[in-house]
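Working notes, structure below.
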Amino acid sequence: MANDASTVFDLVILGGGSGGYAAALRGAQLGLDVALIEKNKLGGTCLHNGCIPTKALLHAGEIADQAREAGQFGVKATFEGIDINAVHAYKDEVISGLYKGLQGLVASRKVTYIEGEGRLSSPTSVDVGGQRVQGRHVLLATGSVPKSLPGLEIDGNRIISSDHALTLDRVPQSAIILGGGVIGVEFASAWKSFGTDVTVIEGLKHLVPVEDENSSKILERAFRKRGIKFNLGTFFQKAEYTANGVKVTLADGKEFEAEVLLVAIGRGPVSQGLGYEEQGVAMDRGYVLVDEYMRTNVPTISAVGDLVPTLQLAHVGFAEGILVAERLAGLKTVPIDYDGVPRVTYCHPEVASVGITEAKAKEIYGADKVVALKYNLAGNGKSKILKTAGEIKLVQVKDGAVVGVHMVGDRMGEQVGEAQLIYNWEALPAEVAQLIHAHPTQNEALGEAHLALAGKPLHSHD
């Protein structure tokens with residue numbers, strides 16, 4: 001392995017996804033000499049196989065639904081179907097523009113970008129393409145890939161992952177989606193809008209099971225109304241090909257058949273065969289273990305993003321990458337409060353939240369110390385105009401701060417920014433209630449909910 005000993009970077013980053021490129025950009029901005037190594041495309045899963053393409057599909061589905069439902073708004077329109085090639089062209093155009101912009105950013109910050117598959121070769125070096133890249137510090141940011149189950153082979157034909165689903169050359173007539181978390185319900189929503197007959201299989205008791213139970217139940221009602229079928233509380237047993245598709249059998253013997261099976265049970269870390277364990281990096285089930293400052297047990301190595309056991313969200317990767325860069329540059333850093341991270345599931349209707357669930361709050365503070373309030377969007381003028389139903393639920397420590405905001409309804413992802421401020425600033429309901437929210441907006445619903453929690457409801461019943 002050739003070693004250019006004359007160049008020792010301040011920071012060598014293995015992986016150019018959300019966490020890796022955020023660390024590169026911030027590190028270079030702070031004067032660090034940075035090398036960024038990526039085997040595929042800069043931007044990683046989020047830009048090319050995750051956040052961006054899935055939201056483009058969901059938006060295309062939203063347009064399809066609007067065309068079908070235009071008559072209820074007094075607009076004469078007809079829906080003639082989905083041109084999946086044109087949908088992909090639209091999606092790819094969005095990705096391409098962002099990709100070019102990101103490449104320009106990395107070049108403008110004078111980050112040394114190296115294409116190739118890297119491997120950790122020492123606590124201070126990464127080998128890539130016959131070259132040894134030396135650094136005073138190494139950041140591992142190799143991300144994640146779709147997971148499967150023992151005995152369930154994702155073949156890219158009838159049994160597919162989210163990666164395959166994003167490039168599928170047709171709208172399937174019917175689909176079974178294994179997994180009712182974020183990925184599963186987003187694809188269920190998009191495919192239903194495209195005209196697919198969808199069934200979601202979730203082994204736990206609710207869809208989006210990490211959300212507040214109230215949000216899950218509202219989403220389930222909305223999915224039933226849309227004709228999206230789901231089976232909850234029974235785990236997968238096996239899948240087999242039929243003459244025309246796939247048959248899924250559950251542990252209770254129940255069977256489902258469809259044209260395709262989308263395996264959406266989550267994503268696992270990319271860490272195998274990359275030299276991590278050989279260099280003494282502490283691991284658990286493939287994840288790299290870190291402290292609150294993203295430091296591994298090896299002093300010269302940090303790790304961020306889907307590779308570590310924190311929330312698998314692009315914006316979490318951004319924050320973790322920035323934290324590492326600022327720590328290495330000598331700035332004072334503050335650990336991330338993961339409860340304070342906004343979470344959005346972009347199905348129709350959207351599910352958005354920040355803070356802790358009511359159940360978690362009762363566990364921490366005691367059932368008698370927790371107050372919960374629900375504000376129905378039926379009382380919100382803009383939501384009525386949009387014909388969206390849903391609810392905002394606030395969780396408060398009695399006589400104290402709001403510790404959870406849980407929202408279901410169209411465009412709720414756009415309201416979670418203020419919810420994030422409310423949680424992270426430990427706001428009292430009365431403090432939010434005195435703020436004036438623009439009318440008519442959906443954002444106003446957050447203000448109304450806090451008015452009600454403060455004991456002075458306006459457009460809601462006592």
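Just so it is clear, the values below take in all heavy atoms, side chains as well, and ignore hydrogens, waters and symmetry mates. These numbers were taken from a predicted model, which means no experiment stands behind them.
Formation of a donor-acceptor pair under 3.5 Å by the S108 side chain with backbone atoms of L105 is found in this model. The main-chain N or O of N424 is never found under 3.5 Å from a side-chain atom of D337 such that the two would form a donor-acceptor pair. A donor-acceptor contact shorter than 3.5 Å links the side chain of T388 to the backbone of D410. Not a single donor-acceptor pair under 3.5 Å links the side chain of Q396 to the backbone N or O of K398. When atom types are taken as modelled, the side chain of H164 and the backbone of D155 share no donor-acceptor pair closer than 3.5 angstrom. The backbone N or O of V270 lies less than 3.5 Å from a partner atom in the side chain of T142, making a donor-acceptor pair. Between the side chain of E418 and the backbone N or O of Q415, no donor-acceptor pair lies under 3.5 Å. Between the E38 side chain and the E115 main chain, no donor and acceptor come within less than 3.5 Å of each other. Here the side chain of R109 pairs no donor or acceptor atom with the backbone of V34 at under 3.5 angstrom. Looking at Y423, its side chain never comes within 3.5 Å of a backbone N or O of A427 through a donor-acceptor pair.
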Q | side chain to side chain donor-acceptor pair (under 3.5 Å) between Y99 and D92, intermediate numbers included | A | CA-CA 10 Å; Y99 180 42; D92 293 343; over 6 Å; no

Q: Show your reasoning for whether side-chain contact (heavy atoms from CB on, under 4.5 Å) applies to V402 and E426.
A: CA-CA 6 Å; V402 173; E426 301 179 353; over 6 Å; no

Q: Determine, stepwise, if the pair S174 / D197 fulfils side chain to side chain donor-acceptor pair (under 3.5 Å).
A: CA-CA 4 Å; S174 58; D197 180 18; 5.7 Å; no

Q: Check the pair T45 / R267 against side chain to side chain donor-acceptor pair (under 3.5 Å), numbers first and verdict last.
A: CA-CA 11 Å; T45 294; R267 299 180 62 87; 3.1 Å; yes

(Q) Run the side-chain contact (heavy atoms from CB on, under 4.5 Å) test on I177 and I201 for me, step by step, so that the C-alpha distance in whole Å, both residues' side-chain angles and the decisive distance to 0.1 Å come before the verdict. (A) CA-CA 6 Å; I177 298 177; I201 306 294; over 6 Å; no

Q: For side-chain contact (heavy atoms from CB on, under 4.5 Å), just list the numbers for L261 and R158, CA-CA rounded to whole Å, side-chain angles, deciding distance to a tenth of an Å, and then say yes or no.
A: CA-CA 6 Å; L261 168 62; R158 300 184 198 175; over 6 Å; no

Q | Stepwise side-chain contact (heavy atoms from CB on, under 4.5 Å) check, T196 with K192 | A | CA-CA 5 Å; T196 304; K192 181 62 181 179; over 6 Å; no

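Atom NZ of K393 and atom CD of E211 lie 11.5 Å apart (nearest 0.5 Å). Rounding to the nearest 0.5 Å gives a distance of 4.0 Å between CG of L166 and CZ of F187. Q66 contributes atom CD, which lies 13.5 Å from atom NZ of K387 (distance to the nearest 0.5 angstrom). Interatomic distance, CG of L152 versus NZ of K147, reported as 13.0 Å (0.5 Å rounding). Distance check, rounded to the nearest 0.5 Å: CD1 of I322 to OG1 of T333 gives 12.5 Å. Annotation: the span from I95 atom CD1 to K100 atom NZ amounts to 12.5 Å, rounded to 0.5 Å.
Checked against K55 for a salt bridge (Lys or Arg N to Asp or Glu O under 4.0 Å), the options E350, E186, E62 give a single hit: E186. Residue N214 forms a side chain to side chain donor-acceptor pair (under 3.5 Å) with just one option from E391, H406, E358, and that option is E391.
Other residues, nucleotides and ligands place no more than 12 heavy atoms under 6.0 Å from the CD atom of Q272. Heavy-atom neighbours of Q29 CD from other residues, nucleotides or ligands within 6.0 Å: above the threshold of 12. More than 12 heavy atoms of other residues, nucleotides or ligands lie within 6.0 Å of CD in Q237, so this atom counts as buried by the packing criterion. Taking a 6.0 Å sphere around CD of E292, one finds it holds more than 12 heavy atoms contributed by other residues, nucleotides or ligands. Atom CG of N244 sits in a sparse spot, with 12 or fewer heavy atoms from other residues, nucleotides or ligands closer than 6.0 Å. For R226, the CZ atom is densely surrounded, since the number of other residues' heavy atoms within 6.0 Å is greater than 12. The local environment of CD in E153 is sparse, with at most 12 non-hydrogen atoms from other residues, nucleotides or ligands closer than 6.0 Å. With a 6.0 Å radius and a threshold of 12 heavy atoms from other residues, nucleotides or ligands, K41 has its NZ atom at or below the threshold.
One finds no salt bridge joining E220 and K225 here, because no Lys/Arg side-chain nitrogen approaches an Asp/Glu carboxylate oxygen to under 4.0 Å. Salt bridge K332/E326: absent, no basic N to carboxylate O contact under 4.0 Å. A salt bridge does not link K247 to E257: none of the charged side-chain nitrogens sits closer than 4.0 Å to a carboxylate oxygen. Between K362 and D368 no salt bridge is recorded (no basic side-chain N to carboxylate O distance below 4.0 Å). The existence of a salt bridge linking K360 and D339 is excluded, since no basic side-chain nitrogen approaches an acidic carboxylate oxygen closer than 4.0 Å.
Between the side chains of H437 and E448, no donor N or O sits under 3.5 Å from an acceptor N or O. When only modelled atom types and interatomic distance are considered, N231 and E202 share no side-chain donor-acceptor pair under 3.5 Å.
Considering every non-hydrogen atom in both G305 and E320, the closest pair reads N-OE1, 2.7 Å. In plain terms, the two heavy atoms of N380 and A445 that are nearest each other are ND2-N, 3.7 Å. Minimum heavy-atom separation, A419 to L446: N-CD1, 4.0 Å. Nearest heavy-atom pair, Y21 versus G16, reported as atom, atom and distance to 0.1 Å: CD2-O, 3.7 Å. Taking all atoms of both residues into account, the shortest heavy-atom contact from A188 to V200 is CB-CG2, 3.7 Å. Across every non-hydrogen atom of L36 and G15, the tightest pair is CD1-O, 3.5 Å.
A cation-pi arrangement is absent between R327 and Y293 under the rule of less than 6.0 angstrom and at most 45 degrees off the ring axis.
Looking at Q442 and L386, their side chains come closer than 4.5 Å, going by heavy atoms from C-beta outward. Side chains of I176 and L262 form no contact here, defined as non-hydrogen atoms less than 4.5 Å apart. Counting heavy atoms from C-beta on, the side chains of I154 and S148 come closer than 4.5 Å. By the 4.5 Å heavy-atom criterion applied to side chains, H348 and I228 are not counted as neighbours. The shortest distance between side-chain heavy atoms of F194 and I84 falls below 4.5 Å. A 4.5 Å side-chain heavy-atom check between M412 and V416 finds every atom pair outside the cut-off. Considering only heavy atoms from C-beta on, P309 stays 4.5 Å or farther from D284 through its side chain. T249 places none of its side-chain heavy atoms less than 4.5 Å from the side chain of F236.
In this pair, H459 and H439 present their aromatic rings parallel. The plane angle is below 30°, not in the 30 to 60° band.
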